[in-house]
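Below: the structure, in structure tokens.
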Amino acid sequence: VFPSSTGVYALEQTAQANNRITSYHIKITPVAELGEAWIEVNPDGTPLRARMDLLSPDDGPKVVILSGEKAEVWFKDKKSHLFVTDRDALKSIMAQRNIFDAKLAFDELQARKKAGEVKIATKEPVEEGEPITLMVTSENTPDRRLAYDVDPNTKLVTRMVTFHRRGDQWEQTEVREYLEYNQPIDPNVFKLELPED
């Protein structure tokens, strides 16, 4: 789709920029599992606290607040409020981090490129304000493509788009938008809004 670029941008620039992330806000459409998340991270990259708005096939809409060694879950349809302190349960909740963490996704992309599992074509911006676009393809999944939009100034991923081939056409099936990086998050985001009863 795009010619390979020998321009200025290199994957390592985004990897380095990811190391400077202190917080971010992501929105995924259509909502298949995770709809939106706000994350604050420690200097080592582990989550300090997080809020995930999820849509579970079993539980319906739910909100998960992670903080330290505990998680609080509000099941909206079931009107249930749960506190989780079990380490195994916390690990399974944090496994969902792979869905929304740009750093983990980009680290995996670099590892797959190094292993020769994917090909990456780079399109440098033609005009001011346009993103750098990385089109990722794999021989193992020829009917699927990933496009990463990278801000040319910050070198951070602003959007990840998944495409699937339907016949001769490529259809956009998922968009992950990284709305904010390193912006203060309102503390109320990390508080559950429970009904008074």
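A donor-acceptor contact shorter than 3.5 Å is absent between the side chain of D143 and the backbone of H164. A donor-acceptor pair under 3.5 Å links the side-chain atoms of T158 to the main chain of D149, judged by distance alone. Panel note: side chain D59, backbone F75; no donor-acceptor pair is recorded below 3.5 Å. Under a 3.5 Å cut-off, the side chain of S23 and the backbone N or O of Q183 do form a donor-acceptor pair. With hydrogens and angles ignored, the 3.5 Å screen pairs no side-chain donor or acceptor of R145 with any backbone N or O of M135.
Side chains of L134 and Y9 form a contact here, defined as non-hydrogen atoms less than 4.5 Å apart. Side-chain contact check for T122 versus T133: every heavy-atom pair is 4.5 Å or farther apart. Counting heavy atoms from C-beta outward, P131 and V150 have side chains that stay 4.5 Å or more apart. Contact of the I26 side chain with the I39 side chain is not registered, since no non-hydrogen atoms from C-beta on lie closer than 4.5 Å.
Ring planes of H81 and W74: perpendicular class, angle over 60° (limits at 30 and 60°). Between Y24 and Y178, the two ring planes are tilted [angle within 30° to 60°].
Salt-bridge formation is detected for the pair E40/R49: a Lys NZ or Arg NE/NH1/NH2 atom is positioned less than 4.0 Å from an Asp or Glu carboxylate oxygen.
With a 6.0 Å radius and a threshold of 12 heavy atoms from other residues, nucleotides or ligands, E171 has its CD atom above the threshold.
Contact detail for P61 and L55: the closest heavy-atom pair is N-CD1, 3.7 Å.
A distance of 9.0 Å separates CG in N182 from CZ in R20, rounded to the nearest 0.5 Å.
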